[in-house]
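What you see is a predicted model, and the numbers here were worked out from it, not measured in a lab. For the numbers below, each heavy atom of this structure counts, side chains included, while hydrogens, waters and symmetry mates do not.
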Protein chains: 2
Amino acid sequence: MKPTVHDIARSAGVSLATVDRVLNGRPGVRHVTRERVEQAISSLGYVRDVAAANLAKGRTYSFVFVLPNYDNSFMIGIRDEVHAAISRSGAERTQIRIVEVPPFDAAALADALNHIVPDRPDGVAFVAVEGLEVHAAVAGLKDAGIAVVTLVSDLPGSERDHFAGIDNHAAGRTAANLLGRFTGGRDGRIAVIAGSMLVRDHRERLEGFLAVMGESFARLDVLPVMEARDNPALTAEVVSAALGRYPDIIGLYSLGAGNRGMLHALREVAREARPVVVAHELTATTRAALSHDLIDAVLNQDAGHEVRSAIRVLKGKVEGLSVIAAQERIRIDIFLKDNMP
Amino acid sequence: MKPTVHDIARSAGVSLATVDRVLNGRPGVRHVTRERVEQAISSLGYVRDVAAANLAKGRTYSFVFVLPNYDNSFMIGIRDEVHAAISRSGAERTQIRIVEVPPFDAAALADALNHIVPDRPDGVAFVAVEGLEVHAAVAGLKDAGIAVVTLVSDLPGSERDHFAGIDNHAAGRTAANLLGRFTGGRDGRIAVIAGSMLVRDHRERLEGFLAVMGESFARLDVLPVMEARDNPALTAEVVSAALGRYPDIIGLYSLGAGNRGMLHALREVAREARPVVVAHELTATTRAALSHDLIDAVLNQDAGHEVRSAIRVLKGKVEGLSVIAAQERIRIDIFLKDNMP
DNA sequence: CAGTTTCTGAGGTACGTAAATCAGAAAATC
DNA sequence: GATTTTCTGATTTACGTACCTCAGAAACTG
C-alpha cells in the first residue's frame, strides 16, 4: 500500500532520521546520501501524509483576513463567509482572525498589514487598495515568509501569491454583451453608474464594458459614467436625474454597489419605459429585483467560494502543495431570475 | 485549546476507554455514565479530530463511480475529473474505482449497482437512469449501509442520499429566458433539438423551456422538439431540414449533447440569417463556437465541481459529518463569449 | 595521529484517536 | 454466599510523521 517513511528508509538503506532530514530539509546529510533518499522517494512514489504530519506537528494554520469595514451587502457577505470559516476552523486546524480597516484607504491598509508581520501568521488575505505603501507592505509580509492572497480586489505587480477574485475586465465585457443583446436591436443611450473610478474593480469593469460596447454595439450611445460612491441616496438622485434628462436611455449598467439607490430611482419609472438593467452581486436586494423584473441580469462573484478558495490557497502555499487550478478560479456567475440559486 | 478525548475523560471523571465507547457507540456503558460523558462532550465543545481518527483507524474510504461509457465531451469530462480525483486520492485517503455501464440502460445500471454491494465500498456515485430496478438497486445499496449519490442525472423518489447535479428544469427556464431576450422582440419560430425525451435531464430542460416560452414569449412559436439521440450526423440532418423548411427560425435551443452536428448544420446558413443559439455544456466544440459567434450562450454544469462535490458528500455521509450546503449546490453556469473560463 | 567537525543511526516521545486486553467492581442469578 | 454476567477503568499498541537526544562513524583539520 501507500509507502511510508519507513519504506523509504529501508529502500534507501538509511535510517528513519536521515529520511526525515531529507524530507524536511534539515542539515546533516551528505550529498550522495540525500540523493539516494530522494531517488527512493520518487521511485516509491512517496507522498507525505499531510494529516499525520499536521498531527505530529500539532500545527494549526493561523491566517489573518484584512477586510474593509464597508457595509454594503457584498462585503457583509464576505465577512459572514469568513466567520463561517472561523466556526468550521476547529475541525480544519486553522485559526482565522479578522482585522478591519477603513475602506479605500491605502495608508490604513498598509499600516494594518505592517502591524500583522510581528504576529507571524502563516498567511494573510486582504482586499487590496492601490498604493505604493501597500506594495511595500506586501513585500514586507513576503519577506517574513507569510503567504499572501488578495481577495475580491487584486494588486497586480505586487508580490502576492494569488488573487481570489474575478476578472473584472471580463465581467464588464460580459455586462456589455448582455445589455447589448437584451436591448434587442433598438437604438438608444446606455447609462453607467459606478461607485468610484478610484477603485480598481470598478475601473476594470468599465473598461471591459466600454470595449465591447464600442466593438459590437455601436448603435448604443454610452453616457459618461456616473460616480456616486455607492451611496444609496446619491445614487438614486443621479440615476433619477439621468433618466429624466435622457428619455431614450434603454440600458443601465450598475457596476458598483449602489443597487439600492438605483432601484429606488427605477421604481419611479413606468414599467414599460424601464431600461434593461444589468447589475453586480447577488444580494437580497438584487435577488428581489431580479424576480420582480426590475433587474434583468446580475453578475456575481461567489463570496463563499472566494473565501474558501483563499483559505485553501493559503493552506496550500504553507504546505508547499499545489492547488487544483480549476477549483480556485472564481467564476463570473450570471444570474437571471430563472437560475438564481 | 481544542479539547481532546483526554479532557473529556478528566472532566467526566471516567477513563479514556469509556469516552471511546460513548464516542463510537460501543456497548458497555451504563446509562448515567453515558449521559455524564455526553454532557462533558457538549459542555467542552469537543469535536473529533477526523484526521487523527482516520490515522488511527488506518481507514481509506472506498468509493465506486458508475459511469455510462458514453463518449460525448461532457461524459468524457466527467470521467477525466474522476480520474483526476483518483490521482489525488493518495493524499486524501480515498480509493476510487470506476465501473462503466452502457448508457440509457436501466437494467445494466441496476445490475452494475447490485454487483457492487458484495464489495462493500463506503459509497457509490452513479449517473441515474430511470427504472424500477434502479430504485431497487439503490435500496439494496442503502440496506448494505453504503452512501449513495446520484451524479449529473438524478433519481428522485429513490433512497439516494444526495444529488450532485443541476436543476434541469431551471436550466431550461434560463435557456428560454436568454433565447427570448436575445431574439430581441422579433417574431418567429424557435427550434429545439434534444437527445432523447426518455432521458430525465432532457425532459426536464424541455419542460422548463416551454414553460417560460409560454409565460413570457408568446410571440415566439416553438416547433415540436426534434430528437436525434445526440448523434452528430442525425442531428445535422434534422437541424438542416428544419432550417430549410422554416426560414423564420430565429432561435435554436440545443438541450442535449448533439452540438457538433447542430453546428455543422448552422455553418451552412449565411451569417446574417443564423438564429440565436443556446446550447448546453462548455466543451472544446461549444467554446470555439461561442468565440466565433455561432453559439450565443452556453449553459454549463461544472463537471469538476460535480465530481469533487460527490466525493465530498460521500465522505461526509460516511463520517456522519454535515456538508456546506452552498458549496455542494451545483450552479447553472451561463457562458457568453466574454466570461468563458 | 590526535582532535575537531560533519554526518548518520538508533531510539525515544509526541500528536489525537481507535481498538484491544485485562482486571476489578457492581449487579444480577442461582 | 458463590457464581455468573454486565459494566467500567487502566493500560497498551498502533497509525504516519515530526522532532529531539545521544552515540558512534566518517571525514576533515592541524
With a 3.5 Å cut-off and sequence neighbours excluded, list the donor-acceptor pairs that the side chains of residues 95-103 of chain A form with protein atoms.
{"unit_1": "A:Arg97", "atom_1": "NH2", "unit_2": "A:Asp119", "atom_2": "OD2", "d": "2.9"}

Let me know the distance between [atom1] of [X] and [atom2] of [N], rounded to the nearest Å.
X	N	atom1	atom2	result
A:His31	C:dT6	NE2	C1'	16 Å
A:Glu35	C:dT8	CD	P	12 Å
A:Leu23	D:dA18	CG	P	6 Å
A:Arg34	C:dT6	CZ	P	15 Å
B:Asn24	C:dA19	CG	C1'	9 Å
A:Asp20	C:dG12	CG	C1'	13 Å
B:Arg21	C:dT17	CZ	P	17 Å
A:Ile41	D:dT17	CD1	C1'	13 Å

Other residues, nucleotides, ligands: >12 heavy atoms within 6.0 Å of B:Lys142 NZ:
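Correct, the count exceeds 12.
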
Output yes when B:Arg160 and B:Asp154 qualify as a salt bridge under the 4.0 Å nitrogen-oxygen rule, no when they do not.
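The answer is yes: the pair qualifies as a salt bridge.
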
Is the shortest side-chain N to carboxylate O distance from B:Arg331 to A:Asp333 below 4.0 Å?
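Judged by the 4.0 Å cut-off on N to carboxylate O distance, B:Arg331 and A:Asp333 do form a salt bridge.
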
Check side chain to side chain donor-acceptor pair (under 3.5 Å) between [X] and all other residues, then give those that pass, not counting sequence neighbours.
X	value
B:Glu306	none
B:Arg36	none
A:Arg10	A:Asp7

I'd like a table of atom pairs between the protein and nucleotides 14-16 of chain D - only N or O on both sides, under 3.5 Å - with the distance next to each one.
{"unit_1": "D:dC15", "atom_1": "O2", "unit_2": "B:Leu55", "atom_2": "O", "d": "3.3"}
{"unit_1": "D:dC15", "atom_1": "O2", "unit_2": "B:Ala56", "atom_2": "N", "d": "3.1"}
{"unit_1": "D:dG16", "atom_1": "N2", "unit_2": "A:Ala52", "atom_2": "O", "d": "3.2"}

Considering residues at least two apart in sequence or located in another chain, which fulfil the ring pair (Phe, Tyr, Trp, His ring centres under 6.0 Å) criterion with A:Tyr70?
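Only A:Phe104 meet the ring pair (Phe, Tyr, Trp, His ring centres under 6.0 Å) criterion with A:Tyr70.
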
All N/O contacts under 3.5 Å from nucleotides 23-27 of chain C to the protein, with atom names and distances to one decimal?
none

Enumerate the residue pairs fulfilling salt bridge (Lys or Arg N to Asp or Glu O under 4.0 Å) with a member in residues 108-118 of chain B, sequence neighbours excluded, ordered by first and then second residue.
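Non-adjacent pairs meeting salt bridge (Lys or Arg N to Asp or Glu O under 4.0 Å): zero.
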
Rounded to 10 degrees, the angle between the two terminal axes of the helix from C:dC1-D:dG30 to C:dC30-D:dG1, each from five pairs:
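The angle separating the two end axes equals 40°.
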
Using heavy atoms and a sub-4.0 Å distance, could you list which residues of residues 7-18 of chain A are near DNA chain C? By number, please.
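Within residues 7-18 of chain A, the residues near DNA chain C are A:Gly13, A:Val14, A:Ser15, A:Ala17, A:Thr18.
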
Check A:Phe74 against A:Ala303 and note the closest heavy-atom contact, atom names and distance.
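Looks like CE1-CB, 4.1 Å.
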
Check B:Thr283 against B:Ser73 and note the closest heavy-atom contact, atom names and distance.
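In this case the closest contact between B:Thr283 and B:Ser73 is CG2-CB, 3.3 Å.
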
Could you list the donor-acceptor pairs under 3.5 angstrom formed between side-chain atoms of residues 75-85 of chain A and any protein atom two or more places apart in sequence or on another chain?
{"unit_1": "A:Arg79", "atom_1": "NH1", "unit_2": "A:Pro68", "atom_2": "O", "d": "3.0"}
{"unit_1": "A:His83", "atom_1": "ND1", "unit_2": "A:Arg79", "atom_2": "O", "d": "3.1"}

Would you be so kind as to tabulate the donor-acceptor pairs closer than 3.5 Å made by side chains of residues 130-138 of chain A, with sequence neighbours excluded?
{"unit_1": "A:Glu130", "atom_1": "OE1", "unit_2": "A:Arg203", "atom_2": "NH2", "d": "3.2"}
{"unit_1": "A:Glu130", "atom_1": "OE2", "unit_2": "A:Arg200", "atom_2": "NH1", "d": "2.1"}
{"unit_1": "A:His135", "atom_1": "ND1", "unit_2": "A:Gly131", "atom_2": "O", "d": "3.3"}

Under 4.0 angstrom, heavy atoms only, what part of the nucleic acid is A:Asn54 near: base, sugar-phosphate, or nothing?
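Result for A:Asn54 = nothing.
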
Would you check if there is a donor-acceptor pair between the side chains of A:Arg48 and A:Asn24 at a distance under 3.5 Å?
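Looking only at side-chain atoms, A:Arg48 and A:Asn24 do form a donor-acceptor pair, the distance falling under 3.5 Å.
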
